[in-house]
2 protein chains.
Amino acid sequence: MITIINMSSAPNRWTKQLKVIVDIVYGSHGPMTADEVYHAARARLPNISLGTVYRNLNKLESEGLVSEVTKGNTTAFVKHPFSNATFECEVCGRLFCVPYDLRNSEMERKVGMKVNRWSIRMTGVCKECERKCI
Amino acid sequence: MITIINMSSAPNRWTKQLKVIVDIVYGSHGPMTADEVYHAARARLPNISLGTVYRNLNKLESEGLVSEVTKGNTTAFVKHPFSNATFECEVCGRLFCVPYDLRNSEMERKVGMKVNRWSIRMTGVCKECERKCI
DNA sequence: ATGCAAATGATAACCATTATCAATATGTCC
DNA sequence: GGACATATTGATAATGGTTATCATTTGCAT
């Protein structure tokens, strides 16, 4: 079970629901939608409500512990805080996190403004679909 | 008035509503939400409906003539097709298009998959707010 | 001009997300 | 440990952006 060292913003209780949600998102290999987190959480806490999942994901997001990324027409959450790069396959719809190195300072130089976070979103054809579709 | 040379996908009529919507989006300096396009369009076509605006923006998006970008909790549309970079100010909430050069081939090399489109989203503090807030 | 399919306007439906609120659970202070 | 204050929860309703529906209108080929 993962433990968060400090949650900065004032009122905060380490509830079992929050624990489970952190555990799920941080244990995932890729981005998860709120609904996916909800279903995973229900396996451990059958009475947890979808509202609680949203509340906690938003809290974690405002704490900088998870990031939101676009997935199709909805939103998914990833454990990597702040900057991230995702790749969405146009064929199978899967969304991957991919490592990508870019410096904030490099962006700031190019853009001329203070950059706190960035995210890169790529769409294309994943390896597997590339192989199948040719 | 801007004219589109060819709209590839089969059934397509060059309606006055579509003309006005293309004109507005391509005449804009920055990303516009569907609602903003709707209100701008009503100035010229008082009876145009919001549904028509959405239908045409989605059509233009599928034709590759506009791109969707995230703005706050909603979606905005920009004329630059395919890849783009946007900067959202955390203070005033404005969303800017910024020039950014990155090669698809460079991304493909880093990611190892076929990249068709990319978009970079940065958040930070814009010049104006930087000046005010210090 | 005529005919027909595509597009529109008006409206209802959809669905992800947020707000509400009484009930519950957490952390603190004794 | 027990009691208190209040943050959080579960259940549900509300919200709001977006899409679907359908009768009517309009663009366009003949």
Would a 4.5 Å heavy-atom cut-off, applied to side chains only, mark [X] and [Y] as touching?
X	Y	value
A/Glu108	A/Asn116	no
B/Val78	B/Val25	no
A/Ile120	A/Thr86	no
A/Val125	B/Met113	no
B/Asp35	B/Thr74	no
B/Tyr100	B/Asn84	no

Query raised in the report: If every non-hydrogen atom of B/Ser49 is compared with every non-hydrogen atom of B/Tyr38, which pair is closest and at what distance?
Result: C-CE1, 3.7 Å
Query raised in the report: So does B/Arg94 pair up with B/Glu128, basic N to acidic O under 4.0 Å?
Result: yes
Requested in this report: Please determine if B/Arg121 and B/Glu88 form a salt bridge, counting it only when a charged side-chain N lies under 4.0 Å from a carboxylate O.
Outcome: yes
Between [atom2] on [N] and [atom1] on [X], what's the gap in Å once rounded to a whole number?
X	N	atom1	atom2	answer
B/Leu18	C/dT8	CG	P	7 Å
B/Leu57	C/dT8	CG	P	11 Å
B/Lys19	D/dT26	NZ	P	14 Å
A/Tyr38	C/dA16	OH	P	13 Å
A/Lys71	C/dT17	NZ	C1'	17 Å
B/Ile21	C/dA7	CD1	C1'	11 Å
A/Lys59	C/dT18	NZ	C1'	15 Å
B/Glu63	C/dA7	CD	C1'	15 Å

Report summary line: Counting primed atoms, P, OP1 and OP2 as sugar-phosphate and everything else as base, the B/S/- map of nucleotides 24-30 of chain C against protein heavy atoms under 4.0 Å is -BBS---
**Report entry** Letter per nucleotide, 5' to 3', of nucleotides 17-22 of chain D [B base touched, S only sugar-phosphate touched, - untouched; heavy atoms, 4.0 Å]
**Finding:** SBB-B-
Query - Residue-phosphate contact under 4.0 Å: A/Ser49 side-chain N/O, D/dA11 OP1/OP2 - result: no
